[in-house]
Amino acid sequence: MSHVAYELSTQPESWERAAELAPARRAVLPKPGERTAIVGCGTSYYMARAAAALREEAGQGETDAFPASEFPHRRRYDRVVALTRSGTTTEVLDLLAALREAGTPTTAVIGDPDTPVTSLADDLVVLDFADERSVVQTRFATTALTLLRAHVGAHTPAAVADARTALAVPLPVGLEVGRQFTFLGRGWSVGLAHEAALKMREASLSWAESYPAMEYRHGPVSVTGSGSVTWSLDVAPDGIAEQVRGTGATWVGGELDPLAELVRVHRLAVAVAAHRQLDPDAPRNLTRSVILAPAPAPAEEAVR
């Protein structure tokens, strides 16, 4: 069994532990009414988008999400939450250092506590039980989102039960031969749809796209046809399923909690990788953490 296959299979237990941990870490997570930004890179950014939407839906306050490299430094926030599995990603470390200098309170949700991020964030939430050996993130990302979901009162045991169902039931027949995959979401699950597409690209080198469900009709549906798979991670708007089937594509409608639907996509990514004889633990051109070399110092001008 690959690392990623094992780690995705342990998500329900990790979600339970994160939900139990959330009340004890309430003091270092955003308080109701605080203007908050949640940042990350790659998968963590998509989890940040989902968490930000959930917090606003829960009436907890204005919440934005940014890639760490695109944080708007002219804006002011009461707290910035950084999601980082490795604790070594250059963009996250640079941002936390800048926020410390600016006096903005920060919290890092991390998988590995023995990393540089611990000296840069004001507060920490350690999810070491969800850390991973794989390059492709599954367990840590969904566990971090569960923590933030529980913090705003949007997590229920039903999500864990659905995750167990997602691991147990067979995937729809024939998806592993799909030539193109599109994932749709609504509200907070738009971030999950973007993450689903990323997982397919990373683990199986698939052509994968993602959209807010209603935006899918405004152009992207034009590439849908025979050999395509369109998967809604949330309840789909009326008419989309019929429109997709009318193109000759395969439609998969979300029936579980959207985060559990993402677990099903994790399984699909591994299945497609196996069909294509790819190793999901060795994704092409990727490493577990993006660590950038510092730019060389400019050469001094010659004295004339």
Side-chain angles (χ1 to χ4, degrees), residues 2 4-5 7-8 11 40-50 65 67 134-142 145 166 171-186 188-234 236 240-241 243-245 247-256 258-287 290:
S2 65
V4 68
E7 288 157 1
L8 73 85
Q11 290 178 94
C41 298
T43 288
S44 292
Y45 166 55
Y46 295 134
M47 295 299 102
R49 289 188 59 170
S134 59
V135 173
V136 175
Q137 279 200 60
T138 57
R139 179 175 67 189
F140 176 78
T142 59
L145 180 55
L171 290 171
V173 175
L175 296 191
E176 68 277 2
V177 300
R179 65 169 181 80
Q180 183 261 343
F181 299 88
T182 300
F183 299 95
L184 308 178
R186 304 179 79 177
W188 72 282
S189 65
V190 172
L192 302 185
H194 294 327
E195 168 58 11
L198 180 63
K199 285 287 95 64
M200 294 299 297
R201 290 191 289 267
E202 289 178 332
S204 66
L205 305 184
S206 294
W207 171 16
E209 301 179 343
S210 50
Y211 304 96
M214 291 300 291
E215 285 298 305
Y216 175 61
R217 288 172 155 144
H218 293 272
V221 69
S222 63
V223 301
T224 303
S226 178
S228 298
V229 176
T230 300
W231 188 319
S232 177
L233 277 73
D234 211 329
I240 286 186
Q243 185 176 10
V244 168
R245 293 190 184 104
T247 70
T250 298
W251 168 260
V252 182
E255 299 176 352
L256 304 173
L259 196 56
E261 286 291 329
L262 181 60
V263 174
R264 294 179 73 199
V265 177
H266 291 164
R267 291 180 57 206
L268 175 62
V270 172
V272 174
H275 177 75
R276 297 179 179 178
Q277 298 184 320
L278 299 171
D279 180 1
D281 283 340
R284 190 170 66 186
N285 303 326
L286 295 179
T287 57
V290 177

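When reading the values below, keep in mind they use all heavy atoms of this one structure, side chains included, and skip hydrogens, waters and symmetry mates. Bear in mind the structure is a predicted one, so any value in this text is a computation, not a measurement.
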Testing the basics here: between Leu145 and Trp188, what is the closest heavy-atom pair and its distance to 0.1 Å? CD2-CZ3, 4.1 Å

Only counting residues at least two apart or in another chain, list the ones meeting side-chain contact (heavy atoms from CB on, under 4.5 Å) with Ala271. Leu171

Side chain of Arg179, backbone of Val229: donor and acceptor closer than 3.5 Å? no

Start with the C-alpha distance between Thr138 and His266, add both sets of side-chain angles, then the distance that settles side chain to side chain donor-acceptor pair (under 3.5 Å), and finish with yes or no. CA-CA 7 Å; Thr138 57; His266 291 164; 4.9 Å; no

Going by ring-ring contact (aromatic ring centres under 6.0 Å, His included), name the residues that satisfy it together with Phe140, two or more places apart in sequence or in a different chain. none

How long is the straight-line distance from OH of Tyr46 back to NE2 of His194, given to the nearest 0.5 Å? 6.5 Å

State, to 0.1 Å, how close Leu184 and Ala193 come at their nearest heavy-atom pair, and which atoms those are. C-CB, 3.7 Å

Sequence neighbours left out, what passes side-chain hydrogen bond (donor to acceptor under 3.5 Å, both in side chains) with Arg217? Give chain and number order. Gln243

Among all residues two or more places apart in sequence or in another chain, which pass the side-chain contact (heavy atoms from CB on, under 4.5 Å) test with Ser189? Arg186, Leu192, Asp234, Pro258

With Arg139, which residues qualify under salt bridge (charged side-chain N to carboxylate O under 4.0 Å, His left out), at least two apart? none

Nearest 0.5 Å please: distance from the NE2 atom of His275 over to the CG atom of Leu268. 11.5 Å

Compare every heavy atom of Leu175 with every heavy atom of Val272, then report the nearest pair and how far apart it is. CG2-O, 4.3 Å

Among residues at least two apart in sequence or on other chains, which ones pass side-chain contact (heavy atoms from CB on, under 4.5 Å) with Ala241? Arg245, Trp251

Find the distance between CD (Glu215) and OG (Ser210) and round it off to the nearest 0.5 Å. 12.5 Å

Can you see which heavy atom on Ala141 is nearest to which on Thr43, and at what distance? CB-CG2, 3.3 Å

Indicate the atoms forming the closest heavy-atom contact of Ala203 with Ala273, along with that distance. O-CB, 3.3 Å

Shortest non-hydrogen contact from Val136 to Pro280? CG2-O, 3.6 Å

Taken in chain and number order and not counting sequence neighbours, the residues that satisfy side-chain hydrogen bond (donor to acceptor under 3.5 Å, both in side chains) with Thr142 are Gln11, Trp15

Could you work out, with side-chain contact (heavy atoms from CB on, under 4.5 Å) as the rule, every residue matching Ala196, not counting sequence neighbours? Phe183, Leu233, Leu262, Val265

Check the pair Val252 / Thr230 against side chain to side chain contact (heavy atoms under 4.5 Å, CB included), numbers first and verdict last. CA-CA 6 Å; Val252 182; Thr230 300; over 6 Å; no

Non-neighbouring partners of Glu7 that pass side-chain hydrogen bond (donor to acceptor under 3.5 Å, both in side chains), sequence neighbours left out: Ser134

Quick one: pull up CZ in Arg49 and OG in Ser44 and give me the separation to the nearest 0.5 Å. 14.0 Å

Is it true that Ser204 and Lys199 share a donor-acceptor pair across their side chains at a distance under 3.5 Å? no

Qualifying ring pair (Phe, Tyr, Trp, His ring centres under 6.0 Å) pairs, either residue in residues 199-219, two or more places apart: none

Between Ser206 and Ala208, is there a donor-acceptor pair closer than 3.5 Å when you use the side chain of the first and the backbone of the second? no

Name all pairs fulfilling the salt bridge (Lys or Arg N to Asp or Glu O under 4.0 Å) condition that reach into residues 267-281, sequence neighbours left out, sorted by first residue then second. none

Distance (rounded to the nearest 0.5 Å) between Gln137 CD and Glu202 CD: 8.0 Å

Residues in side-chain hydrogen bond (donor to acceptor under 3.5 Å, both in side chains) contact with Glu261, at least two apart in sequence or another chain: Trp231, Arg264

